[in-house]
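What follows is one structure encoded as structure tokens, with my remarks underneath.
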Amino acid sequence: MLSLAPRLAGARVKRVEDPRFLRGGGAYLDDLRIPGLLHAAFARSAHGHAELRHVEVGLARAAPGVVAVLTGPDLAEWVSPLAPRLEGPGFWPTRCPALAEDRLRFVGEPLAAVCAERASQAVDAAELVAVDCQPLSAVANVVSALAPGAPLLHEAAPGNVLFHRDHRHGDVEGAFARAHLVVGEAFTHARSSASPLEPRGLIASWEGERLTVWTGTQAPHIYRAGLARAFGVRDDQVRVIVPDTGGGFGQRMHVLSEDLAVAGLAWVTGRPVKWVETRRENLGCASHAREARVDIEAAADARGALLALRARVVSDNGAYHVYPLTAALEPLGMAGIIPGPYRTPAYEWDAVGVATNKPPLGAYRGVGMTMGAFVMERTLDLLAERLHVDPAEIRRRNLIPREAYPFLSAAGFVYDSGDFPKALEMALELADYEGLKRERERARGRGRLLGVGISCYTEYTGMGSATYRSRGMSDVPGHEAARVSIQLDGAVHCRLSMPSQGQGHATTTAQIVADELGVPLESVVVSQPDTDQTPAGSGTFASRGAVSQRGAAGAAAATLRRRVLDGAGALLEASPADLELRDGRVTVRGVPDRGVGMAEVAAAAGEGMLEVTEAFDPPGPTFSGAVHVASVEVDPETGRVALHRYVVVEDCGPVINPVIVEGQIHGAVAQGIGEALGERLVYDEWGQLLTGSLMDYPLPTAADVPSFILGHLETPSPLTPGGHKGMGEGGTIGAPAAIANAVADAVKLLGVKVISLPISSESLIAGVDR
Ligand code: MCN
Ligand code: SMO
């Protein structure tokens, strides 16, 4: 008989980490107290593009409290630059030094690092650094970077092209030739920033030839390898300890110059050095996101069924490949996902990553897919409009039916599972789509601008080593691991190779482990990674958490369960097959009095004997997805967009924790709202940032976020243990597309095109007669 204990996985369990966080008990990087700590600050480039002749640090060195000042040439001899790699053709590498050496390539690029006894002294001294440089013409956007004769950012990247690939599937030309209708448009996306609540930072400390770094990285082992390579030491000479972390959203996946420079300061001073960036540095100098243009053409038959797609994707990558993801990240991601959850027989794309004098483009929640969904969903609405078909109907005519899975997409992905026709109907019903349309018509009659928008997207999640190998990403291993142990007091410890930045991994992992071991949730403690104690893995990105938790921690706990039963069997003189494990006790089935506790089993086994490590290589990608329906109202006076109703029907396979999944959707949609309606980093032609603070870069606030109506559909993945699929990025992927479609619907009669993210209020009322 199976155990009748209620399962924790799938239940609405409250997050175990929250009581501590809510009481202020979190320990983030800046809370750590380490004796003898020095503080770092950076002097940064004021130029978008310049030849760097000399950095004068005499005054800074003599300033009060200063212990060391480093420049590019000081570090060049013993710290290798970051050199992200991508195997295969169409890749032109860049070398990004810890501190600029002879060229400045973006405003904010670090050129000297100062450390002092107090943080304020370091900041003051950094201002005394003087720079002798010759400004060069900047290429601040893709058009000027690709112009003939444009100044080159890197010798190794002719024409300022960092990445270029193309792909063709099916008879694209034939499809366009026989199409009933072709629609085309050029869509753009502005530069944005992941903007985690806690800015980036690290503490670095050397003991002999061993480096310890405390940092809220999303990818501790990748970070460790990056630092080890830069300093020419073995991976095991670097220890990375991840404290509590206040959001990453992709930005903490990278190793950036400052990471190397701070470790360099720690080496020369022989003391631990801390650096926590300012809000301004986070916005202006850390990795950015998104900036791209996509030219798309879609061919359809008379009913609006898609025959073929053609896309040219260009991403404005900024000055360097970001480590370890490279400039392939956005263009490859965008191009691949454009066909979305639709049957598109033929597709050809061409994708380019271009070097410009701006900070490097990096990961941000929804990488590539947000723009991909925006482009595809707007294109479908254009098609619907031309054919006078309802946007819901055009989707019905194109969505991949459930029975067609596994489905080979025209971009070459195997979509493993999904039921979009059902998700669409659920979402329309939850939104009362017909009611919204009637309301829209009534409001239009009174001069109000209401609109309804739909977006459907599918999302690659839970990738493993096969995906990263096939993409040529040699610095992203792709596997994960977990170590689960039973302590002498019966408590269960779990060390997962991936950290949490707020996704609630300590809860969802504990749910899985507690179920497997038959112990209460409270007795499972899941810790943030410490590379000295945590088995090696890749990290938290690309929505791989749920899949890996089940795969690694679930497997380790299952093996441990067998060992516990064996151990208890010996103590109870019973066959393990006759035992059951529940509430932290092993009892002989049917004889509840004959039992032993976990602690006794652990004591009998001996210290450390009940410890299991399992590695897991996700077999994915597994494709999850959602349907979003948004209704909006545009103020004809101000162009302000208000969100009225917001519906998401999400399918990430079996949900481990609905509270967490819903929270992920809320947060991700909030970020998508910011992306759709406000966030825009503006640069002038010299590469100067004009929107350098959160006064000019409007992150969404609670006032911008409506309440949500959520529905879940669970189409399990046939690939992953438990059928789980990832979803942490999904809200951000679906929201801009749905909002853009709703806004376009609202302003349709004004003749305004909605082709750029974010959608500016000015653009909406440009044509309004007042
Ligand atoms: N989950 C679940 N059942 C499922 C799928 C997921 O209960 N079927 C749970 C997971 O157990 C996990 C959470 O939902 O607790 C998100 O899972 P998943 O989609 O696997 O994503 P990851 O855990 O890999 O998290 C990464 C993802 C990414 S790539 C970005 S970017 C992002 C995001 O998560 N950054 C975040 N959500 C974030 N949330 C917070 N608070 N902070 C960030 O930096
Ligand atoms: S942008 Mo998420 O870290 O893949």
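Counting convention: from 1, in listed order, for ligands and their atoms alike.
Heavy-atom neighbours of Arg165 CZ from other residues, nucleotides or ligands within 6.0 Å: above the threshold of 12. Enclosure of atom CZ in Arg280 is not indicated, since only 12 or fewer non-hydrogen atoms of other residues, nucleotides or ligands lie within 6.0 angstrom.
Using a 4.0 Å cutoff on heavy atoms, Pro654 counts as a contact of ligand 1. Within the structure, ligand 1 lacks Gly667 among the residues with a heavy atom less than 4.0 angstrom away. Within the 4.0 Å heavy-atom cutoff, Met253 does not count among the residues contacting ligand 2.
Counting only non-hydrogen atoms, the option in Gly722, Gly653, Ala546 that gets closest to atom 17 (O) of ligand 1 is Ala546. For atom 33 (C) of ligand 1, the nearest non-hydrogen atom from the set His712, Glu729, Gln664 comes from Gln664. Distances from atom 26 (C) of ligand 1 to the heavy atoms of Gln251, Lys725, Gln503, Gln501 put Gln503 nearest.
Distances below 4.0 Å separate heavy atoms of Ile660 from the following atoms of ligand 1: 9 (C), 13 (C), 14 (O), 15 (O). Close approach to Arg365 involves these atoms of ligand 2, each under 4.0 Å from a residue heavy atom: 1 (S). Close approach of ligand 1 to Gly726 is summarised as follows: ligand atoms under 4.0 Å from at least one heavy atom of the residue are 19 (O), 20 (O). Near His505, meaning under 4.0 Å from one of its heavy atoms, ligand 1 places the atoms 12 (C), 15 (O), 22 (P), 23 (O). Short contacts between ligand 2 and Phe541, defined as distances under 4.0 Å to a heavy atom of the residue, involve ligand atoms 3 (O), 4 (O). Heavy-atom proximity to Gly502, at under 4.0 Å, picks out these atoms of ligand 1: 40 (C), 41 (N). Of all atoms in ligand 1, listed by their number and element, those nearer than 4.0 Å to a heavy atom of Thr540 are 24 (O), 25 (O), 26 (C). For ligand 1, the atoms lying closer than 4.0 Å to a non-hydrogen atom of Gln549 are 10 (C), 11 (O). Numbered from 1 in the order shown, with element, the atoms of ligand 1 that lie under 4.0 Å from a heavy atom of Phe541 read 29 (S). If you number the atoms of ligand 2 from 1 as listed, the ones under 4.0 Å from a heavy atom of Val367 come out as 1 (S). Residue-ligand proximity, Val655 to ligand 1, at heavy-atom distances under 4.0 Å covers atoms 3 (N), 8 (N). Counting the atoms of ligand 2 from 1 in the order shown, those under 4.0 Å from a heavy atom of Tyr364 are 1 (S).
The nearest heavy-atom contact from the protein to atom 4 (O) of ligand 2 is Ala542 N, 2.7 Å. Protein heavy atom in closest approach to atom 3 (O) of ligand 2: Gln218 NE2, 2.9 Å.
With a 4.0 Å cut-off on non-hydrogen atoms, Thr508 touches ligand 1 through its side chain and not its backbone. When heavy-atom distances to ligand 1 are checked against a 4.0 Å cut-off, Ala363 has no atom that comes that close, whether in backbone or side chain.
An N or O contact shorter than 3.5 Å is missing between Ala542 and ligand 1 by distance. Between Gly728 and ligand 1, a contact under 3.5 Å exists for at least one N or O pair.
Using a 4.0 Å cut-off between charged side-chain N and carboxylate O, Arg15 and Asp18 make a salt bridge.
Going from atom CG of Leu699 over to atom CG of Leu283 covers 8.0 Å, rounded to the nearest 0.5 Å.
Both cation-pi conditions hold for Arg544 and Phe541: the charged atom is under 6.0 angstrom from the six-membered ring centre and inside a 45 degree cone around its axis.
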